[in-house]
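Data block below; observations after.
In each ligand, atom 1 is the first atom listed, and ligand 1 is the first ligand listed.
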Amino acid sequence: MDLGAVTQRSALHAKPSGLVLQYGTAGFRAHAGHLDHIMYRMGLLAVLRSKQTKSTIGVMVTASHNPEEDNGVKLIDPLGEMLAPSWEEHATRLANAEEQELPRELVGISEREAVDLQQDAFVVVGRDTRASSEKFSQSVIDGVTALGGLFHDYGLLTTPQLHYMVYCRNTGGQYGKATVEGYYQKLSKAFVELTKQASCSGDEHRTLKVDCANGIGALKLKEMQQYFSQGLSVQLFNDGTKGKLNHLCGADFVKSHQKPPEGMEMKSNERCCSFDGDADRIVYYYRDADGQFHLIDGDKIATLVSSFLKDLLVEIGENFNVGVVQTAYANGSSTRYLQEVMKVPVYCTKTGVKHLHHKAQEFDIGVYFEANGHGTALFSKAVEMKIKQLAKELEDNKGKAAKMLANVIDLFNQAAGDAISDMLVIEAILALKGLTAQQWDALYRDLPNRQLKVKVADRRVISTTDAERQVLTPPGLQEVISDLVKQYRLSRAFVRPSGTEDVIRVYAEADSQANADSLAHEVSLAVFQLAGGTGERPTSGLCG
Ligand code: 16G
Ligand code: MG
């Protein structure tokens with residue numbers, strides 16, 4: 001390790017002294033003005049991780065749905081997964097080391113992780129469309145080369161595309177070709193094959209309006225649409241040519257405000273969807289004949305997907321172990337529907353993709369979605385092989401079902417939730433089942449819910465258990481929440497410290513919107529009182 005070169009180059013990416021940042025749920029995120037040293041150091045760390053795992057590692061420069069002025073970075077592990085938790089700690093330590101401590105910190109990490117420094121390192125880099133991202137990806141590359149690593153810069157990519165590239169490269173191309181073209185071809189081929197089997201439906205049925213959050217999703221969807229146009233035509237809005245990234249649009253905006261994005265014309269009963277800023281989340285929605293807006297979130301996507309998969313498995317007579325993974329944010333109606341009507345086992349994990357992804361890997365087929373629209377379906381290698389073999393052997397309806405399953409496996413991004421891939425899966429299922437958005441939405445009715453946030457002096461005072469559904473500390477808070485919940489029908493409430501913002505998040509649901517609002521408000525007051533609230537006391541009617 002040429003520590004001289006590392007230190008010398010680091011001076012060009014000097015850390016503002018005293019600045020402390022943490023590798024959170026989705027990597028580092030902060031105002032872009034604070035991040036240059038982080039980018040350089042994540043380049044360094046990616047080299048160490050690559051040497052240790054003897055694999056290609058990804059570094060994605062993005063801050064997803066955050067405002068344009070922010071940016072962020074995260075590392076992608078060999079199978080396209082989120083960085084292992086022990087390395088998140090290394091990332092935080094490395095990010096916060098003052099300039100003169102940097103070499104010692106690097107040596108420390110290499111020793112603790114038994115990194116073979118003679119090993120080659122290869123890092124792939126991608127970035128979103130933020131103004132600061134290009135320069136930042138250059139800083140990442142500076143870090144990679146300072147430690148003698150080799151790299152490939154993919155330039156502009158959606159986050160899930162970079163996950164896909166990493167996965168392809170580390171499986172010797174078995175998963176697919178590690179190029180943007182390879183991604184487009186793999187997904188589009190599976191999609192077109194699938195939709196060919198749909199009985200002819202009207203043109204209007206196959207048109208989808210897509211709000212691209214003025215982000216990278218617009219560029220990539222524009223490039224890709226010619227590949228799948230046989231099966232679907234997309235109309236792009238908020239494509240980045242006029243509006244600001246994530247401003248009054250995108251999946252996060254639509255989900256949290258429960259209203260349509262600006263910049264999209266919606267006629268009644270038109271099927272619409274929104275991506276977030278780095279295209280790893282998707283939510284659907286429509287307006288009914290009375291002009292009322294209806295959101296179809298990640299929970300309903302999970303339900304649509306798992307019911308489709310289950311039907312096909314019944315058809316081919318295979319009894320694979322299927323599980324659905326959600327978080328505490330999943331609407332109670334969705335959990336009840338999955339368990340009681342569809343009879344699929346449902347599991348709850350902590351918030352954050354890595355938790356859901358790992359749980360989903362325990363099943364033959366694991367479907368995971370956060371209510372906010374991040375998710376995918378994972379198929380074990382054995383199941384994939386079996387289904388692909390059945391697709392060749394079986395005939396008639398069974399053969400048709402097996403072929404559909406084989407294509408669905410190829411269409412899902414197995415490395416990460418992916419707005420483009422999920423969109424194509426959903427569109428294929430709706431076409432095959434002949435469902436409109438309204439019919440899909442009518443599977444079950446969401447319980448009214450409300451999310452709020454409360455500012456406290458130190459959000460670490462709140463700790464949780466039971467997949468964030470119960471509070472452990474501060475003492476007494478859980479009892480108050482449980483008492484409040486008892487006062488409402490069909491109610492549920494929980495609080496947790498955010499992993500991406502300096503706030504406590506509050507979630508409540510109940511039999512009516514007024515009751516959900518009131519429960520959320522009362523829980524916020526309890527948090528404010530018992531967990532050291534700062535600023536103004538929460539007032540009712542505030543939407544977080
Ligand atoms: C990040 C997570 C997302 C989670 C959200 C929660 C990834 C790739 N993304 O965006 O899964 O739902 O954080 O945010 O893990 P919060 O902790 O601020 O509520
Ligand atoms: Mg995102």
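Using a 4.0 Å cutoff on heavy atoms, H163 does not count as a contact of ligand 1. Within the 4.0 Å heavy-atom shell around ligand 1 one does not find K354. Within the 4.0 Å heavy-atom shell around ligand 1 one finds G352.
Below 3.5 Å of separation, one finds no N or O of T351 facing any N or O of ligand 1. For the pair T500 and ligand 1, the shortest N or O to N or O distance falls below 3.5 Å. Of the N or O atoms in V353, one or more lie within a sub-3.5 Å distance of an N or O in ligand 1. Considering backbone and side-chain N/O atoms, D280 never comes within less than 3.5 Å of an N/O atom of ligand 1. At least one N or O atom of R505, backbone or side chain, sits closer than 3.5 Å to an N or O atom of ligand 1. For a threshold of 3.5 Å applied to N or O pairs, the pair formed by G499 and ligand 1 contains at least one separation below that value. Between S498 and ligand 1, at least one pair of N/O atoms sits closer than 3.5 Å.
When the N, O or S atoms of D280 are ranked by distance to the Mg ion (ligand 2), OD1 comes first.
Put simply, the side chain of E262 never gets that close to the backbone of L248: no donor and acceptor are under 3.5 Å apart. Within the 3.5 Å criterion, the main-chain N or O of N66 finds no donor-acceptor partner in the side chain of D70. Under the 3.5 Å distance criterion, the side-chain polar atoms of D276 are matched with a main-chain donor or acceptor of R281. Without hydrogens or angle criteria, K222 side chain to G217 main chain gives no donor-acceptor distance under 3.5 Å. Listed for the N170 side chain is no donor-acceptor partner under 3.5 Å among the backbone atoms of L79.
At a cut-off of 2.8 Å, S64 is counted among the residues with an N, O or S atom near the Mg ion (ligand 2).
Of all protein heavy atoms, the one lying nearest to atom 9 (N) of ligand 1 is A26 CB, 3.8 Å. The closest protein non-hydrogen atom to atom 5 (C) of ligand 1 is R281 NH2, 4.0 Å. Shortest contact from atom 2 (C) of ligand 1 to any protein heavy atom: T25 CG2, 4.0 Å.
Taking only non-hydrogen atoms, the option from K453, E370, H374 nearest to atom 3 (C) of ligand 1 is E370.
Look at K244 and E68 and you find no salt bridge, because none of the NZ, NE, NH1 or NH2 atoms lies under 4.0 Å from a carboxylate O. Salt bridge K354/E88: present, at least one basic N to carboxylate O contact under 4.0 Å. With salt bridges taken as basic N to acidic carboxylate O contacts below 4.0 Å, one links R492 and E509.
Looking at N331 and D299, their side chains never bring a donor and an acceptor atom within 3.5 Å of each other. Side-chain contact annotation: S334 with Q326, donor-acceptor N/O pair under 3.5 Å present.
Under 4.0 Å from ligand 1, not a single heavy atom of T327 appears.
The contact set between ligand 1 and K74, taken as ligand atoms under 4.0 Å from a residue heavy atom, comprises 8 (C). Less than 4.0 angstrom separates some heavy atom of R496 from each of these atoms of ligand 1: 16 (P), 17 (O), 19 (O). The ligand atoms of ligand 1 that sit less than 4.0 angstrom from a heavy atom of N372 are 12 (O). Taking every non-hydrogen atom of M82 and a distance limit under 4.0 Å, the qualifying atoms of ligand 1 come out as 8 (C), 15 (O).
Distance check, rounded to the nearest 0.5 Å: CD1 of I426 to CG of L304 gives 7.0 Å.
Within a 6.0 Å sphere centred on NE2 of H247, other residues, nucleotides and ligands contribute 12 heavy atoms or fewer.
Vertex the Mg ion (ligand 2), arms ending at OD1 of D278 and OD2 of D276: the angle is 90° after rounding to 10 degrees.
Taking each heavy atom of R130 and S64 in turn, the nearest pair found is NH2-O, 2.7 Å.
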